[in-house]
Amino acid sequence: MVQNPHVWKRAQAEIDALLGMDRLPDFGDRPFLPYVEAILRETLRWQPVTPLGAVAMHATISSDIYKGFYIPKGMSCLYTNRAMSHDEAQYPNAEQFIPERFLTAEGTLTDDNPAKYAFGFGRRICPGRHNADASLWSAIATTLATLDFSTVKDTKGKDIIPQPKYVGGLARHPEIFPCRISPRSHISKASLERILASDG
Ligand code: HEM
């Protein structure tokens, strides 16, 4: 968000147009917030939490020929999420965070959803995927509805543009980076308490 202010501003415009300023998004709003959904898809695609995909070895359930290579039944194999999510043929400028790639010209969602590979495949597919999907949506929608994001300045007054650096192996997360996250102008402690109270 810090690198792409146009993204959170467009998402906030979508959220404000649907919800107004006096309640927080809930799951009933999800089908009507396609740009927020596109941000979630791009988040799963851009920096996969598990770039190597499988946490346990998989095996083929039948023999196959792929690009001229014979693959026998029962062969151990791994897949790489990151290779799929950074395939330039499917995702031009794959290193860029571009939620619009999941929207049609009319602003509706395309059929492409990285969730179909981000959580793995087959019998060992991630059992937490529905929990993860709902938690991510809720966190993204609530964060965008209530907060603004910006860079901070260095000692010479120049913006510090964070570079995406990630740590970890099987499961990775971003390195800590400086940025400013502040409540949106209509959000105060009193307004949040009122919104949360009216949400029941
Ligand atoms: C964005 C969040 C998450 C992502 C991207 C993710 C992704 C994955 C992937 C790629 C695998 C390997 C699947 C395979 O071998 O093909 C996996 C396995 C697993 N995940 Fe997740 N996961 C997420 C969140 C969660 C959550 C929230 C839970 C638990 C509540 C969870 C529990 C598990 C477990 C137990 C396995 C091992 C399954 C097995 O080997 O049978 N994950 N996950």
Side-chain angles (χ1 to χ4, degrees), residues 1-19 23-55 79-87 90-91 94-103 107-122 124-149 162 164-177 179 181-184 187 192 195-196 199:
M1 293 304 119
V2 177
Q3 280 188 321
N4 299 286
H6 62 283
V7 170
W8 59 260
K9 286 179 185 169
R10 180 170 172 180
Q12 287 182 347
E14 181 181 72
I15 292 169
D16 294 349
L18 182 72
L19 277 71
R23 73 176 180 88
L24 295 175
D26 61 35
F27 289 115
D29 300 313
R30 190 165 175 176
F32 309 106
L33 295 170
Y35 193 68
V36 173
E37 198 70 31
I39 290 175
L40 168 48
R41 291 185 187 185
E42 183 67 342
T43 303
L44 285 176
R45 183 204 70 79
W46 182 54
Q47 297 287 349
V49 179
T50 53
L52 289 176
V55 291
Y79 57 88
T80 49
N81 275 348
R82 198 182 157 84
M84 291 179 230
S85 72
H86 282 65
D87 176 2
Q90 190 173 357
Y91 302 115
E95 290 298 328
Q96 305 294 314
F97 188 86
I98 309 174
E100 287 78 1
R101 63 174 93 246
F102 296 106
L103 294 177
T108 56
L109 287 161
T110 66
D111 292 338
D112 181 23
N113 188 347
K116 67 185 178 227
Y117 53 79
F119 295 107
F121 306 92
R124 308 306 292 267
I125 192 169
C126 174
R129 62 194 182 283
H130 302 298
N131 176 315
D133 175 70
S135 306
L136 279 174
W137 186 85
S138 173
I140 289 172
T142 308
T143 301
L144 290 169
T146 53
L147 302 170
D148 286 342
F149 311 84
K165 286 192 188 147
Y166 282 72
V167 287
L170 271 183
R172 52 205 290 276
H173 58 86
E175 266 184 8
I176 291 173
F177 59 88
C179 66
I181 299 178
S182 47
R184 294 182 64 195
I187 298 286
L192 264 186
I195 291 169
L196 290 171
D199 272 0

Requested in this report: Report the distance from atom OG1 of Thr142 to atom CD1 of Ile15, rounding to the nearest 0.5 Å.
Outcome: 8.5 Å
Query raised in the report: Looking at NZ of Lys116 and CG of Asp111, how far apart are the two atoms once the value is rounded to the nearest 0.5 Å?
Result: 8.0 Å
Requested in this report: Test the Arg101-Tyr91 pair against the cation-pi criterion, namely NZ or CZ under 6.0 angstrom from the six-membered ring centroid and within 45° of the ring axis.
Outcome: no
Requested in this report: With rounding to the nearest 0.5 Å, note down the distance linking CD1 in Ile39 to CD in Glu100.
Outcome: 8.5 Å
**Report entry** Heavy-atom donor-acceptor pair, Ser135 side chain to Asn131 backbone, under 3.5 Å
**Finding:** yes
Requested in this report: Report the C-alpha separation of Arg41 and Thr43 in whole Å, then their side-chain angles, then the decisive distance to 0.1 Å, and conclude whether the side chain to side chain contact (heavy atoms under 4.5 Å, CB included) test is met.
Outcome: CA-CA 5 Å; Arg41 291 185 187 185; Thr43 303; over 6 Å; no
Query raised in the report: Hey, are the side chains of Gln3 and Phe97 touching, using non-hydrogen atoms and a 4.5 Å cut-off?
Result: no
Query raised in the report: What residues, two or more places apart in sequence or in another chain, satisfy ring-ring contact (aromatic ring centres under 6.0 Å, His included) together with Phe149?
Result: Trp8
Query raised in the report: Below 4.0 angstrom, N of the basic side chain to O of the carboxylate: do Asp16 and Arg184 qualify?
Result: yes
Report task. Answer yes or no: are there more than 12 heavy-atom neighbours, outside Phe32 itself, under 6.0 Å from its atom CZ? Result -> no
Query raised in the report: Does the Glu14 side chain pair with the main chain of Val36, one donor and one acceptor, at a distance under 3.5 Å?
Result: yes
Query raised in the report: Where do Ser138 and Phe27 land on the side chain to side chain contact (heavy atoms under 4.5 Å, CB included) test, with the steps shown first?
Result: CA-CA 8 Å; Ser138 173; Phe27 289 115; 3.9 Å; yes
Requested in this report: Check whether any side-chain heavy atom of Leu19 sits under 4.5 Å from a side-chain heavy atom of Pro25, and report yes or no.
Outcome: yes
Query raised in the report: For Cys126, does its backbone N or O pair with a side-chain atom of Arg129 as donor and acceptor, under 3.5 Å?
Result: yes
Query raised in the report: Are side-chain N/O atoms of Glu37 and Asn113 paired as donor and acceptor at under 3.5 Å?
Result: no
Query raised in the report: Under 4.0 Å between a Lys/Arg side-chain N and an Asp/Glu carboxylate O for Glu95 and Arg82?
Result: yes
Query raised in the report: Are any side-chain N or O atoms of Asp29 and backbone N or O atoms of Asp26, one a donor and one an acceptor, separated by less than 3.5 Å?
Result: yes
Query raised in the report: Should Leu144 and Met1 count as side-chain neighbours, where that means a heavy-atom distance under 4.5 Å?
Result: yes
Query - Over all atoms of both residues, closest heavy-atom pair of Ala94 and Trp46 - result: O-CD1, 3.8 Å
Requested in this report: Look at atom CD1 of Ile125 and say whether more than 12 heavy atoms of other residues, nucleotides or ligands are closer to it than 6.0 Å.
Outcome: yes
Query raised in the report: Should His86 and Arg45 count as side-chain neighbours, where that means a heavy-atom distance under 4.5 Å?
Result: yes
Requested in this report: Indicate yes or no for a side-chain donor-acceptor contact from Asn81 to the backbone of Pro48 under 3.5 Å, with no hydrogens or angles considered.
Outcome: no
Query raised in the report: Hey, are Gln90 and Asp112 close enough side-chain-wise for a donor-acceptor pair under 3.5 Å?
Result: yes
Report task. Quick one: do Thr50 and Phe119 satisfy side chain to side chain contact (heavy atoms under 4.5 Å, CB included)? Show the steps, please. Result -> CA-CA 8 Å; Thr50 53; Phe119 295 107; over 6 Å; no
Requested in this report: Would you confirm whether Arg172, through its side chain, and Pro51, through its main-chain N or O, come within 3.5 Å as a donor-acceptor pair?
Outcome: no
Query - Min side-chain heavy-atom separation Glu42-Val7 under 4.5 Å - result: no
Requested in this report: Indicate the atoms forming the closest heavy-atom contact of Pro34 with Leu103, along with that distance.
Outcome: O-CD2, 4.0 Å
Report summary line: Smallest heavy-atom separation, Thr146 atom then Ile187 atom, equals O-CG1, 3.7 Å
Query raised in the report: Side chain of Trp137, backbone of Arg30: donor and acceptor closer than 3.5 Å?
Result: no
Report task. Could you grab the distance from atom CG of Leu136 to atom CG of Leu44, nearest 0.5 Å is fine? Result -> 6.0 Å
Query raised in the report: Ignoring hydrogens and geometry, is there a side-chain-to-backbone donor-acceptor pair from Gln47 to Lys165 under 3.5 Å?
Result: no
Query raised in the report: At their closest point, which heavy atom of Val2 faces which heavy atom of Cys179, and how far apart are they?
Result: CG2-CB, 3.6 Å
Query raised in the report: Which class fits the ring pair Phe121 and Tyr79: parallel under 30°, tilted 30 to 60°, perpendicular over 60°?
Result: perpendicular
